[in-house]
Amino acid sequence: MKLPVTLAKTLKSKPDETQLGFGTKFTDHMFNMDYAPDKGWHNPRIEPYGPVAMDPATMVLHYGQGVFEGLKAYRTASGRIQLFRPQDNFRRLNRSNDIMCIPRFDESLALEALKELVRIEKDWVPRVPETSLYIRPTIFASDPFLGVRASHTYRFFIILCPVGAYYPEGFNPVKILVEKEHVRAVPGGTGEAKTLGNYAASLLAGQKAHDAGFTQVLWLDGVERKYIEEVGSMNIFFVLDGEVVSPALQGSILPGITRDTVLQLGRLWGLNVAERRISIDEVLKANQTGRLQEVFGSGTAAVISPVGQITYGNQTVTVGNGQVGPLAKRFYAAITDIQYGRAQDPKDWIVPVV
Ligand SMILES: Cc1ncc(COP(=O)(O)O)c(C=O)c1O
């Protein structure tokens with residue numbers, strides 16, 4: 001594929017790699033592509049990074065018809081740049097499209113375009129250990145129209161953002177609050193799509209939890225408020241007597257790529273891995289009987305986020321003495337070693353770029 005490329009006339013100065021943080025600095029170029037009913041997806045191109053001009057009636061602003069993804073490019077010690085499971089992100093983006101009535105795009109074209117964009121921006125992939133280049137593909141409804149229906153036109157863009165180490169001060173367990181009032185998603189809803197409204201729906205509970213001194217919300221199912229679904233915007237794992245459990249995907253949980261990586265590695269290592277419903281009562285009882293060994297979240301940003309404390313109403317339980325458990329450490333090390341090229345890739349997950 002020959003992608004038209006318009007290079008930026010002036011380049012931004014690169015940020016201090018020891019002070020990157022997350023989501024604030026963006027590279028010099030972006031990928032763009034448009035959709036129109038008579039042309040399908042067309043005009044893929046790489047252009048200077050810049051604002052998207054919008055009519056105030058642009059449908060995504062009113063009805064939230066939009067989807068996005070999050071993945072990363074990593075620099076290895078030998079200077080190679082590589083992506084981790086990008087095909088899975090584009091596959092998930094198309095599944096989100098199906099749920100949100102957005103037309104599917106060609107996943108192999110998107111991957112080639114992403115590789116080309118990262119090649120152009122290779123100097124933006126930071127070198128400091130555990131830093132990376134975060135990648136945000138986004139699709140939004142672009143008809144200037146008021147009235148609830150699916151848009152006829154769409155814009156697909158990819159932007160890039162150098163990000164710092166998620167654990168600059170070390171791998172510390174977090175305190176989470178079980179959310180009893182608000183729910184993130186319901187069966188039959190849009191919970192398994194990576195779509196805008198799911199994040200908007202999570203804000204109030206997240207804000208209340210932060211104000212009460214917690215790092216994340218533990219989401220329960222939207223019907224019985226009994227079964228555990230996700231933690232913040234991560235998937236969740238429990239280790240109960242050696243069994244590694246993640247809630248089964250039943251339509252209201254985002255199928256995380258890190259979640260799938262943990263499940264596949266766990267099986268490869270011969271662990272007892274299960275995807276099943278798990279209730280908050282089961283977790284509290286397991287804690288009382290000494291069977292609850294570890295709890296951790298999984299997601300692209302943090303990879304693994306150990307949980308040290310869970311509060312449910314007026315009950316607070318400490319997990320694994322508040323220390324990071326051995327499996328959380330093992331999964332974190334194994335996944336980051338593959339991503340940064342320090343270990344053999346057991347499953348063809350790595351896609352080299354440069
Ligand atoms: C709601 C939600 N759940 C889970 C995840 C974890 O998914 P992944 O491992 O693909 O980053 C994310 C992050 O993308 C998310 O936004």
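Counting convention: from 1, in listed order, for ligands and their atoms alike.
- Within ligand 1, the atoms closer than 4.0 Å to a non-hydrogen atom of Arg184 are 1 (C), numbered from 1 in the order shown.
- Proximity to Leu254 (heavy-atom distance under 4.0 Å) selects the following atoms of ligand 1: 2 (C), 3 (N), 4 (C), 5 (C), 12 (C), 14 (O), 15 (C).
- For Tyr332 and Phe171, the gap between ring centers is short of 6.0 Å.
- Close approach of ligand 1 to Gly256 (heavy-atom distance below 4.0 Å) involves ligand atoms 7 (O), 8 (P), 9 (O), 10 (O).
- Taking the charged nitrogens against the carboxylate oxygens, Arg136 and Glu69 have no contact shorter than 4.0 Å, which rules out a salt bridge.
- Counting only heavy atoms of the protein, atom 9 (O) of ligand 1 lies nearest to Thr258 OG1, 2.6 Å.
- In this structure, Glu181 pairs ionically with Lys208, as a charged nitrogen and a carboxylate oxygen lie closer than 4.0 Å.
- Atom 12 (C) of ligand 1 has its closest protein heavy atom at Ser233 O, 3.1 Å.
- Among Asn235, Ile257, Asp260, the residue whose heavy atom sits closest to atom 10 (O) of ligand 1 is Ile257.
- Taking any N or O of Asn89, backbone or side chain, none lies under 3.5 Å from an N or O belonging to ligand 1.
- For ligand 1 and Gly299, the ligand atoms under 4.0 Å from any heavy atom of the residue are 6 (C), 9 (O), 11 (O).
- Considering backbone and side-chain N/O of Ser298, none are found under 3.5 Å from N/O of ligand 1.
- In this structure, Val283 is not a member of the same hydrophobic cluster as Val262, with clusters built from ILVMFWY side-chain heavy atoms closer than 4.5 Å.
- At least one donor-acceptor pair under 3.5 Å links the side chain of Ser151 to the backbone N or O of Asp143.
- Summary of contacts: the protein heavy atom closest to atom 13 (C) of ligand 1 is Lys194 NZ, 3.4 Å.
- Across all non-hydrogen atoms, the minimal contact from Ile99 to Glu192 is CD1-CG, 3.7 Å.
- Exactly one residue among Thr300, Asp348, Asp260 makes a side-chain hydrogen bond (donor to acceptor under 3.5 Å, both in side chains) with Arg85. That residue is Asp260.
- The nearest protein atom to atom 11 (O) of ligand 1, hydrogens excluded, is given as Thr300 OG1, 2.6 Å; this is a heavy-atom distance.
- Considering only non-hydrogen protein atoms, atom 4 (C) of ligand 1 sits nearest to Glu230 OE1, 3.2 Å.
- Partner of Arg45 under the side-chain hydrogen bond (donor to acceptor under 3.5 Å, both in side chains) criterion, out of Thr6, Asn32, Asp34: Asp34 alone.
- Using 4.0 Å as the threshold, Arg92 has a heavy atom nearer than that to some atom of ligand 1.
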